[in-house]
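Step one of this worksheet: look at the structure below.
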Amino acid sequence: MENGAAPMSSSLPPAPPQKPKVGVAVFILKGEKVLLGRRLSSVGHNTFALPGGHLEFGESFEECAAREVKEETGLEIEKTEYLTVTNNVFSERAKPLHLVCIFIRGVLADTNQQPQNLEPEKCDGWDWYDWNDLPKPLFHPLEVLVQSGFNPFAAT
Ligand SMILES: Nc1nc2c([nH]c(=O)n2[C@H]2C[C@H](O)[C@@H](COP(=O)(O)OP(=O)(O)OP(=O)(O)O)O2)c(=O)[nH]1
Ligand SMILES: [Mg+2]
C-alpha cells in the first residue's frame with residue numbers, strides 16, 4: 001500500500017481515538033452527612049455516587065458543580081471549593097473508559113432545601129448519609145478515594 005498502512009477489513013471508517021472525559025462530583029456537606037444516590041447509568045450501575053456530571057466547554061469546576069447539582073437534585077449550593085482530583089481507567093469494559101474526576105465540596109444555600117430526583121433515569125433517588133456509615137457499594141472512583149483516607153470535611 002502507498003502509505004504502508006494495513007489493508008482495512010471493512011469499508012467502515014476507523015473509530016475515532018478515545019479521549020479521557022472530565023467529570024465533576026460534588027460532596028454536599030450537611031452536618032456530618034453527604035448526599036448520595038444509587039446510579040442507574042451503565043457506568044457504575046447500582047452503586048452509590050455523589051451528584052455530578054461532565055464539565056462543559058468553558059465552564060469552571062465550581063460552575064459545573066453548581067449546575068449539575070441543580071439539574072440532578074434541584075438544590076442550590078454555595079461555598080463551592082475544589083478538593084482533589086482522581087484519574088480512573090476502566091479498562092475491563094467492552095468499551096474502555098478513562099475518567100478524570102474533579103471532586104468539589106459545597107454546602108446548601110438554604111439548609112431547609114430537600115433533594116428531588118430530577119433525573120430518575122440516571123439515579124434511584126437521593127439521600128443524606130452519615131460520613132462514618134456510608135452505603136455500599138460506592139461508585140468505584142469514590143470508593144478508591146474513601147479507601148485512601150480522604151475526608152471531604154477535613155480537607156483544606
Ligand atoms: N456523578 C458522579 N460522577 C462521578 C463520581 N465519581 C467519578 O469519578 N465520577 C465521574 C464519572 C463520570 O465520568 C463523571 C460524571 O458522571 P455522571 O455519569 O454522573 O454524568 P452525567 O450523566 O450526570 O453527566 P452529563 O454527561 O449529563 O454531563 O464523573 C461520583 O461520585 N459521582
Ligand atoms: Mg450525574
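Residues take their numbers from the sequence shown, with the count starting at 1. Order of listing sets the numbers, starting from 1, for every ligand and every atom in it.
One finds the CZ atom of Arg105 at 6.5 Å from the CG atom of Leu29 (value rounded to the nearest 0.5 Å). Between the OH atom in Tyr82 and the CD1 atom in Ile104 there is a gap of 8.0 Å [rounded to 0.5 Å].
Heavy-atom proximity to Pro141, at under 4.0 Å, picks out these atoms of ligand 1: 6 (N), 7 (C), 8 (O).
Defined by atom type and a distance below 3.5 Å, a donor-acceptor pair is missing between the side-chain atoms of Arg39 and Asn46.
The nearest protein atom to atom 10 (C) of ligand 1, hydrogens excluded, is given as Cys101 SG, 4.0 Å; this is a heavy-atom distance. Nearest protein heavy-atom contact of atom 30 (C) of ligand 1 is Ala25 CB, 3.5 Å. Of the protein's heavy atoms, His54 N, 3.0 Å lies nearest to atom 28 (O) of ligand 1. In terms of protein heavy-atom proximity, atom 4 (C) of ligand 1 is closest to Phe139 CE2, 3.6 Å. Distance from atom 11 (C) of ligand 1 to its nearest protein heavy atom, with residue and atom name: Leu99 CD1, 3.5 Å.
Residue pairs meeting the ring-ring contact (aromatic ring centres under 6.0 Å, His included) criterion with at least one member in residues 42-66, sequence neighbours excluded: Phe48-Tyr129.
Atom 27 (O) of ligand 1 has its nearest heavy-atom neighbour, among Lys122, Glu56, His140, in Lys122. In this comparison of Ala49, Ser41, Gly53, Gly23, the heavy atom closest to atom 16 (O) of ligand 1 sits on Gly53.
Residue contacts with ligand 1, taken as heavy atom pairs separated by less than 4.0 Å, involve Leu50 via backbone and side-chain atoms alike. Contact annotation: for Lys21 versus ligand 1, there are no heavy atoms closer than 4.0 Å. Here Glu68 has side-chain heavy atoms under 4.0 Å from ligand 1, and that is the only part of it that gets that close. Of the heavy atoms in Pro51, only backbone atoms (N, CA, C, O) come closer than 4.0 Å to ligand 1.
By the 6.0 Å contact criterion, CD on Glu121 is enclosed, its count of non-hydrogen atoms from other residues, nucleotides or ligands being greater than 12. Heavy atoms of other residues, nucleotides or ligands lying less than 6.0 angstrom from CD of Glu32 number 12 at most.
Across Val69, Leu108, Leu75, Asp127, a single residue satisfies side-chain contact (heavy atoms from CB on, under 4.5 Å) together with Leu35, and that is Leu75.
Every side chain to side chain contact (heavy atoms under 4.5 Å, CB included) that Gln18 has, sequence neighbours left out, goes to Lys95, Pro96. For Phe103, the ring pair (Phe, Tyr, Trp, His ring centres under 6.0 Å) partners at least two apart in sequence or on another chain are Phe27.
Cation-pi geometry between Lys30 and Trp128 is satisfied (NZ or CZ under 6.0 Å from the ring centre, within 45° of the ring normal).
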Given the rule in the side chain to side chain contact (heavy atoms under 4.5 Å, CB included) test, do Val34 and Ile28 qualify, once you have shown the distances and angles that lead to the verdict?
-> CA-CA 5 Å; Val34 295; Ile28 307 176; over 6 Å; no
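Residue Asn117 comes nearest to Gly125 through the heavy atom pair ND2-N, 3.5 Å, listed as atom of the first residue, atom of the second, then distance. What you find for Cys123 and Gly37 is that their closest heavy atoms are SG-CA, 3.8 Å.
Around the Mg ion (ligand 2), protein atoms of type N, O or S found under 2.8 Å number 2.
Judged by the shortest distance from any of its heavy atoms, Arg39 lies inside the 4.0 Å radius around the atoms of ligand 1. Within the structure, ligand 1 has Glu72 among the residues with a heavy atom less than 4.0 angstrom away.
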